[in-house]
Amino acid sequence: MNASIPHAPMSQFVSDGEELLVNGIALSRLAARVGSTPFYAVDRGLLTQRVQALRAALPAGLKLHYAMKANPMPALVQHMARLVDGIDVASAGELLVALDAGADPHEVSFAGPGKRDAELVQAVASGVLVNVESQRELPVLAQASQTLGMPARVALRINPDFELKGSGMKMGGGPKQFGVDVEAVPEVLAAVARLGLAFEGFHLFAGSQNLKADAIAEAQSKSFDLAVRLADFAPSPVRFLNLGGGFGIPYFPGEQALDLAPIGDNLAALQERARDVLPQAELVIELGRYLVGEAGLYVTRVVDRKVSRGQTYLVCDGGLNHHLSASGNFGQVIRKNYPVTVGNRLSAPREVQTVVGPLCTPLDLLADRMALPRADVGDLVVVFQSGAYGASASPARFLGHPPVTEVLV
Ligand SMILES: *Cc1c(COP(=O)(O)O)cnc(C)c1O
């Protein structure tokens with residue numbers, strides 16, 4: 001490990017000198033309140049602050065959606081539903097959570113490949129916008145519209161002819177299971193018109209976890225230009241243009257927070273242009289991890305401290321089974337450490353320690369030889385940047401350990 005390259009400061013969480021505070025509550029007291037470890041804790045004050053800061057950096061009138069696959073915990077979705085303009089769901093299961101959370105169906109959109117017929121019927125019956133990913137969805141939506149006596153609201157998700165540069169995960173450009181290839185859009189729009197579906201607009205999502213503001217702005221501009229070209233083929237004016245998101249957060253040493261200013265400037269310019277070329281269109285961005293990732297911690301208790309041939313291991317009561325991404329097994333090419341600390345011993349002298357979970361696999365690694373406050377059995381190891389792609393993105397049943405608790409504080 002190269003100790004000279006630091007993680008970005010995790011200054012969103014303040015401390016009382018010795019313990020991290022989660023929305024004002026010291027970590028050890030929070031652990032007592034939760035009643036068991038491991039747990040995820042998301043600070044609702046930080047969620048609110050993040051949305052406020054983002055709104056301040058983005059042009060007024062731009063719609064902000066929460067992509068709830070980042071964290072589908074019902075209490076959190078309920079909190080977010082009050083702060084943002086809409087919720088993006090990726091399954092009928094998420095759709096039910098969003099509706100339970102009080103989201104206005106008119107401001108919910110449903111994207112994702114492989115939507116089952118029953119999910120499409122649920123979407124039409126709910127009155128949400130379906131981001132069509134395949135021509136196959138159209139006759140199913142038409143049938144549901146007829147049966148229910150309400151026309152399906154549809155937007156086309158486009159697989160563009162460009163990629164999002166510098167993105168951790170590319171989700172557009174080249175051959176993809178997502179969206180309709182640009183080349184096929186005129187034909188699919190003709191089918192939308194023929195089937196009498198309620199066309200509302202376009203959805204583009206080029207990729208995820210990007211820390212390069214210029215690349216994000218460029219992808220948004222290209223997406224906008226593409227939508228303007230495709231609008232010529234649409235059966236009615238574009239009312240909804242979802243330009244995607246992909247805003248990243250700093251996870252690894254050397255990474256820095258995304259600079260929102262160039263993105264906000266670019267979106268303001270696009271909004272200005274939209275007034276001329278897509279006068280009825282509402283511009284939307286959809287963000288998952290950027291909204292919730294930095295507000296969450298994963299907390300696991302040290303069960304054993306052991307030394308093997310000179311290397312100190314903190315063996316904890318949870319790991320990969322609850323937090324696959326921090327273990328490095330959720331899409332990372334080279335494993336790197338998330339920001340980690342010992343959240344109830346912030347002032348203890350630092351030692352190089354390795355944090356592992358209880359699973360019988362060397363993949364169950366939360367911190368590889370990091371300089372951390374010296375910890376012992378009973379102490380609380382904290383993984384920062386854990387508010388997104390945590391519990392719901394982890395193999396909880398693997399090895400049969402207890403499930404993780406999730407709390408909104
Ligand atoms: C996953 C996903 C998102 C959210 O991505 P983040 O990296 O969490 O912001 C948004 N839109 C679509 C279509 C997605 O599939």
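It should be emphasised that the depicted structure is a prediction, and the values quoted were computed from it without experimental measurement. Atoms within each ligand, like the ligands themselves, are counted from 1 in listed order.
- For atom 9 (O) of ligand 1, the candidate residues are Ala70, Gly288, Gly112; the nearest heavy-atom contact is made by Gly288.
- Annotation for ligand 1: atoms under 4.0 Å from non-hydrogen atoms of Ala67 are 3 (C), 4 (C), 10 (C).
- Checked by atom type, the side-chain pair Ser386/His323 shows a donor-acceptor distance below 3.5 Å.
- Salt bridge status for Asp317 with Arg301: absent, with no side-chain N to carboxylate O gap under 4.0 Å.
- Residue contacts with ligand 1: Arg289 is placed with a nitrogen or oxygen under 3.5 Å of a nitrogen or oxygen of the ligand (distance criterion only).
- In terms of heavy atoms, Leu30 sits closest to Ala41 at CD2-CB, 3.8 Å.
- Taking a 4.0 Å cut-off on heavy atoms, Tyr389 registers as neighbouring ligand 1.
- For Tyr290, no nitrogen or oxygen atom sits less than 3.5 Å from a nitrogen or oxygen atom of ligand 1, counting backbone and side chain alike.
- With atom 11 (N) of ligand 1 as the reference point, the heavy atom nearest to it among Glu133, Gln209, Glu286 is part of Glu286.
- The existence of a salt bridge linking Arg50 and Asp43 is excluded, since no basic side-chain nitrogen approaches an acidic carboxylate oxygen closer than 4.0 Å.
- The closest side-chain donor-acceptor pair between Thr312 and Glu351, if any, does not fall under 3.5 angstrom.
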